[in-house]
Colleague: 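Would you mind keeping the following structure in view while I ask a few things?
Every chain is numbered from 1, with letters handed out A, B, ... down the list of sequences. Computed from heavy atoms alone, side chains included, the values below leave out hydrogens, waters and symmetry copies. Predicted, not measured: the structure shown is a model, and the values here were computed from it.
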Amino acid sequence: MTRYNVRETEAKWQALWEERGSFRAADDPARPKYYVLEMFPYPSGRIHMGHVRNYTLGDIVARYRRACGFNVLHPMGWDAFGMPAENAAIEHKVHPGKWTAENIDTMRAELKAMGLSYDWSREISTCAPEYYRHEQKMFLDFLAAGLAYRKESWVNWDPVDETVLANEQVIDGCGWRSGAPVERRRLAQWFLRITDVADELLESLESLERWPDKVLVMQENWIGRSQGAHVSFRLTAGPVEGWGERIDVFTTRPDTLFGASFLAISPDHPVAGQLAASSPELAAFIATCRRLGTSEEALETAEKQGFDVGLTVRHPFLEGRELPVYVANFVLMEYGSGAVFGCPAHDQRDLEFAHKYGLPVLPVVRPEDADPAEFAIADEAFIGDGVVFNSDFLDGLPVAEAKRAAAKRLQETGQGEGAVVYRLRDWGVSRQRYWGCPIPVIHCDACGLVPVPEADLPVTLPEDVRFEEPGNPLANHPTWRKVDCPTCGKAATRETDTFDTFFESSWYFARFCSPHAEEAFERAASEYWMPVDQYIGGIEHAVLHLLYSRFFTRALGRCGYPIVDEPFSGLLTQGMVCHETYRDADGNWLYPNEVKRGADDEMVRVADGAPVTIGRVEKMSKSRKNTVDPTSIIETYGADTARLFMLSDSPPERDLEWTEAGIEGIWRFINRLWRMMTEPAVALPAPGAAMPERFSEAAAAARRAIHKTIRNVTDDLEKFHFNRAVARIRELTNELSDLEGDGADVAWVMREGFEAVTRLLGPMTPHLAEELWQRLGHAELLVDTPWPEAEAALIVDETVTVAVQVNGKLRGTIVLPRDADSAEAEAAALALPAVARISENRPPRKVIVVPNRVVNVVI
RNA sequence: GCCCGCUUGGCGGAACCGGUAGACGCAACGGACUUAAAAUCCGUUUCCCUUCGGGGAGUGGGGGUUCGAAUCCCUCAGCGGGCACCA
């Protein structure tokens with residue numbers, strides 16, 4: 001018996017595909033295109049199982065579409081800028097560029113060993129000047145279009161990485177990469193005006209029909225649109241120095257304006273700062289608020305506190321009503337206008353604040369059926385829908401109408417207007433790091449901010465940098481900053497901030513369409529290939545990367561770049577790869593290959609047989625040591641085994657548990673296929689041999705199974721039900737191995753079945769399938785063979801098994817001709833002994849017949 | 001607190017639009033082959049009862065709609081995710 005030689009076989013076909021350029025994509029407007037893309041990896045060192053899953057999913061889609069006749073673009077590249085390269089530089093004294101390049105070489109080889117159908121001629125790396133020069137140009141265009149700007153602002157400062165983080169990169173008050181608690185600092189930063197397109201980003205979510213609902217909801221929440229009104233309150237004592245005489249607030253409840261009893265401004269509000277200059281008590285209060293931080297538990301436990309600044313403002317509608325102004329620790333400067341009016345009767349937080357500071361509670365909305373004379377607010381604010389009262393011109397209106405009426409009156413009297421406010425904030429793109437794309441701007445004492453002239457692009461990173469000192473190596477560099485001002489020629493300095501690495505990943509997908517073009521995007525290529533038809537990656541990018549990319553395409557479009565608005569028309573978010581965790585008696589984590597099953601089925605340590613406790617199944621991570629190295633799996637079992645396991649065990653969007661037993665199972669299946677097809681029980685006819693005139697009953701049944709499987713697997717692949725597709729192929733395999741007989745008909749059907757299985761497995765286990773295809777006698781490569789088609793006549797059975805129920809309970813089955821009429825079905829059902837026994841021969845009250853499915857006899 | 005999602009055998013998971021629950025696999029058990037083991041092959045495997053013909057229960061709990069519910073509705077519980085001093 002010839003054993004399946006995985007290593008040789010996989011290497012052989014990989015070399016041949018490469019030699020023949022099987023996966024090279026050529027722009028060909030005459031053919032329908034399909035662009036499938038997996039989120040490109042950060043070159044951290046070696047590939048991990050998450051990559052294997054991600055790229056297997058992408059590859060099955062790419063190979064399937066290619067077989068279906070699409071002109072498929074399936075590229076790969078490297079998200080090569082980032083912190084780990086700098087950390088490596090600090091720890092191992094290796095230049096980030098060298099470290100990155102070596103990692104890319106390692107990982108490219110690992111990916112190639114997986115047999116992924118990439119067009120490697122389009123490979124890009126974002127740390128190459130040929131790549132990032134385009135984004136420097138984009139930035140200059142954004143600057144000219146007013147989409148990029150610089151301002152001083154409070155930033156999230158990561159004290160470990162010594163850099164600024166975007167809000168999206170702060171998770172539970174800690175840096176997303178370092179995990180260190182984030183501090184607040186005030187710095188001049190570059191921003192992209194993503195809020196400019198907030199409404200468009202929100203509204204267009206509707207058009208993304210092939211995105212998971214979950215992701216759409218997350219983006220919707222993140223953008224966080226609130227409809228309300230701006231209300232302008234005039235200070236009674238006249239203007240505050242350096243500010244003006246009005247304080248603007250945003251509210252979603254203009255209908256409750258008559259219930260207002262105070263104004264609260266943020267500690268960071270300019271008016272608060274101004275007043276603090278002459279009030280040490282206020283300054284102290286503001287300092288206390290700042291110290292509180294933004295971590296979750298700080299917010300939970302923090303008491304709502306206010307400081308009466310001694311000012312009052314006029315109510316916009318009530319002559320003579322004056323409201324006190326507080327600085328309050330719960331008002332955020334970053335949202336709305338940094339100030340709110342308090343309506344204690346209809347907002348729980350305002351109510352608590354009012355109780356604490358003895359402010360009036362004035363109910364102005366009551367439930368429709370409540371008696372106005374008796375309706376009162378005690379400890380709970382009334383936030384429900386109802387009727388407005390005690391409110392002059394709003395009296396009697398329902399809440400929704402009162403909101404509109406109040407906004408209208410505000411506008412008429414010049415005291416405000418209806419407004420929409422977003423939670424989304426502009427994207428801070430400055431990072432104080434070396435290993436990123438330099439921001440192409442020069443600071444000149446005389447001219448201010450001067451964009452680097454296009455002719456001088458790219459601004460490249462200096463090679464000779466030191467990482468010994470903390471902070472930004474670019475700022476610490478002795479000469480790199482020094483440059484003459486392009487405008488006035490005097491000595492000036494370069495901007496030393498680099499871009500957030502999400503900048504690079506916000507347009508790479510479009511660069512793949514024309515990766516070597518002189519301009520960023522070649523118009524014809526972009527118009528042909530974009531958008532990405534199927535994008536595949538982790539759910540962790542549901543907001544960050546996917547939202548930035550959607551913004552970027554729009555911003556680029558405004559600047560005249562040839563690019564579509566929505567970059568990804570289909571999105572698949574795959575689940576994580578998990579594994580059991582193991583610990584020794586001292587609680588130390590152990591790698592899976594450090595443990596084994598011992599005598600009594602207990603897990604023990606390989607080294608010394610010491611007992612091991614099995615922990616929860618968790619996401620593979622280095623910290624828990626529950627990782628399995630893909631390369632060692634591929635060396636042992638081959639890429640096809642790893643790929644098929646990735647597909648077979650769980651639906652792609654769910655988490656997958658990696659198990660040795662599961663891998664073994666797939667390995668057995670692959671060897672079984674090999675034996676079955678290379679040593680068939682009957683001698684197979686030549687490829688393309690004429691179909692026999694007659695088939696035995698068993699052979700005919702097998703043919704139906706073959707064609708049904710083709711149809712079902714095709715259907716499953718279309719819907720990404722890969723685990724089901726694998727199950728169906730296995731089912732057919734079982735059926736073929738049960739097919740007996742040595743007639744010419746059986747032999748012919750056997751070949752038909754083997755070929756079907758081989759072709760259906762092509763996208764999943766490409767090397768095995770290619771080898772089997774050749775051994776089945778085909779000269780043409782399987783990758784060049786079209787997807788099989790099911791014969792329509794064979795996927796419809798002549799007879800069907802119909803369930804027979806009595807009062808909804810299954811009592812037996814009957815076999816009927818397909819589409820038999822109801823009377824025939826009913827008669828056959830009633831003739832069943834079991835039906836007669838249970839009904840005790842009483843006539844049924846009713847008989848429900850669902851054709852080809854069920855007959856329900858109601859007694 | 002608000003918003004989403006999930007809950008099916010020992011395990012991963014199937015089950016189309018409300019129509020035979022448990023496909024396919026893993027694990028386990030029994031058997032064949034073998035001096036033995038591995039590999040392979042054949043069987044059994046939701047639970048309970050059984051006179052071996054069958055019978056009963058069953059998709060997180062409770063209730064409802066329906067001839068019929070894993071699937072639809074209400075409600076409770078558990079798990080997971082997102083957002084959150086958001087005005």
Colleague: If pairing requires Watson-Crick or G-U wobble contacts with both distances under 3.5 Å, which nucleotide is the partner of B/U71?
Modeller: none

Colleague: Heavy atoms only, 4.0 Å cut-off, all strands: where does A/Val850 land among base, sugar-phosphate and nothing?
Modeller: base

Colleague: Does A/Arg845 reach a base, just sugar-phosphate, or nothing at all? Heavy atoms under 4.0 Å.
Modeller: nothing

Colleague: Is A/Lys214 touching bases, backbone alone, or none of the nucleic acid, heavy atoms closer than 4.0 Å?
Modeller: nothing

Colleague: Under 4.0 Å, counting only non-hydrogen atoms across every strand here, what does A/Thr659 touch: a base, just sugar-phosphate, or nothing?
Modeller: nothing

Colleague: A/Phe330 side chain: which of B/C85, B/C24, B/C67 is closest?
Modeller: B/C85

Colleague: When the distance from CG of A/Asp716 to P of B/G13 is rounded to whole Å, what number comes out?
Modeller: 17 Å

Colleague: If only side-chain N and O atoms of A/Asn734 are considered, is one of them under 4.0 Å from the OP1 or OP2 phosphate oxygen of B/G25?
Modeller: yes

Colleague: Are OP1 or OP2 of B/C86 and a side-chain N or O of A/Arg349 less than 4.0 angstrom apart?
Modeller: yes

Colleague: At under 4.0 Å, does any side-chain N or O of A/Asn221 touch on OP1 or OP2 of B/C2?
Modeller: no

Colleague: Looking at B/G82, B/C83, B/U20, which one has an atom nearest to any side-chain atom of A/Met218?
Modeller: B/G82

Colleague: Mind checking A/Asp213 for me? I need base, sugar-phosphate or nothing, with any heavy atom below 4.0 Å counting as a touch.
Modeller: nothing

Colleague: Does A/Arg728 have a side-chain nitrogen or oxygen under 4.0 Å from the phosphate oxygens OP1 or OP2 of B/G25?
Modeller: no

Colleague: Please name the nucleotide paired to B/A28 by Watson-Crick or G-U wobble geometry with both distances under 3.5 Å, or report none.
Modeller: B/U44

Colleague: Just call it for A/Gly662: base, sugar-phosphate, or nothing, with non-hydrogen atoms closer than 4.0 Å on any strand.
Modeller: nothing

Colleague: Looking at B/U7, which nucleotide sits across from it as a Watson-Crick or G-U wobble partner, both distances under 3.5 angstrom, or is there none?
Modeller: B/A77

Colleague: Does one side chain, of A/Tyr357 or A/Ser261, offer a donor that lies under 3.5 Å from an acceptor on the other?
Modeller: no

Colleague: Identify whether any heavy atom of A/Arg225 sits under 4.0 Å from a base atom; if not, whether one sits that close to sugar-phosphate; answer base, sugar-phosphate or nothing.
Modeller: nothing

Colleague: Measure from CD on A/Glu731 to P on B/A23 and round the result to the nearest Å.
Modeller: 9 Å

Colleague: When you compare the side chain of A/Arg672 with that of A/Ser737, does any pair of heavy atoms fall below 4.5 Å?
Modeller: yes

Colleague: Need one value for A/Arg730: base, sugar-phosphate or nothing, where a base atom within 4.0 Å counts as base even if backbone is also close, heavy atoms only.
Modeller: sugar-phosphate

Colleague: Take atom CG of A/Leu351 and atom P of B/A87, then tell me their distance rounded to the nearest Å.
Modeller: 17 Å

Colleague: Taking the side chain of A/Gln805 as its heavy atoms from C-beta onward, which of B/C86, B/C3, B/G19 lies nearest to it?
Modeller: B/G19

Colleague: Which base sits across from B/C86 as a Watson-Crick or G-U pair, both distances under 3.5 Å?
Modeller: none

Colleague: B/G55 phosphate, OP1 or OP2: any side-chain N/O from A/Arg811 under 4.0 angstrom?
Modeller: yes

Colleague: Using a heavy-atom cut-off of 4.0 Å across all strands, would you classify A/Val804 as base, sugar-phosphate, or nothing?
Modeller: nothing

Colleague: Which is true for A/Glu657 with a 4.0 Å heavy-atom rule: it touches a base, it touches only sugar-phosphate, or it touches nothing?
Modeller: nothing

Colleague: Any side-chain N or O of A/Lys809 below 4.0 angstrom from OP1/OP2 of B/C67?
Modeller: no

Colleague: Take atom CZ of A/Phe720 and atom C1' of B/G13, then tell me their distance rounded to the nearest Å.
Modeller: 20 Å

Colleague: Any sub-3.5 Å donor-acceptor pair from A/His346's side-chain atoms to A/Phe382's backbone N or O?
Modeller: yes

Colleague: Syn versus anti for B/G53, judged by chi lying within 90° of 0?
Modeller: syn

Colleague: Answer yes or no on whether A/Arg730 is positioned over the face of A/Phe669, meaning its NZ or CZ is under 6.0 Å from the six-membered ring centre and within 45° of the axis.
Modeller: yes

Colleague: Expressed in angstrom and rounded to an integer, what is the separation of A/His541 atom NE2 from B/G81 atom P?
Modeller: 17 Å

Colleague: What form does the base of B/G13 take, syn (within 90° of 0) or anti?
Modeller: anti

Colleague: Nearest whole Å is fine: how far is B/C83 P from A/Leu332 CG?
Modeller: 16 Å

Colleague: Tell me what A/Thr813 touches on the nucleic acid: a base, only sugar-phosphate, or nothing, going by heavy atoms under 4.0 Å.
Modeller: base

Colleague: Verify whether the ring centers belonging to A/Trp658 and A/Phe645 lie closer than 6.0 Å.
Modeller: yes

Colleague: Pick one for B/C17: is it syn, with its angle within 90° of 0, or anti?
Modeller: syn

Colleague: Looking at every strand, decide which applies to A/Asn856 at a 4.0 Å heavy-atom threshold: base, sugar-phosphate, or nothing.
Modeller: base

Colleague: With a 4.0 Å cutoff (strictly under), does any side-chain N or O of A/Arg675 reach OP1 or OP2 of B/C41?
Modeller: yes

Colleague: Please tell me if A/Arg668 has a side-chain N or O lying less than 4.0 Å from either OP1 or OP2 of B/C41.
Modeller: no

Colleague: Applying the Watson-Crick and G-U wobble criteria at under 3.5 Å, what pairs with B/A37? Answer none if nothing qualifies.
Modeller: none

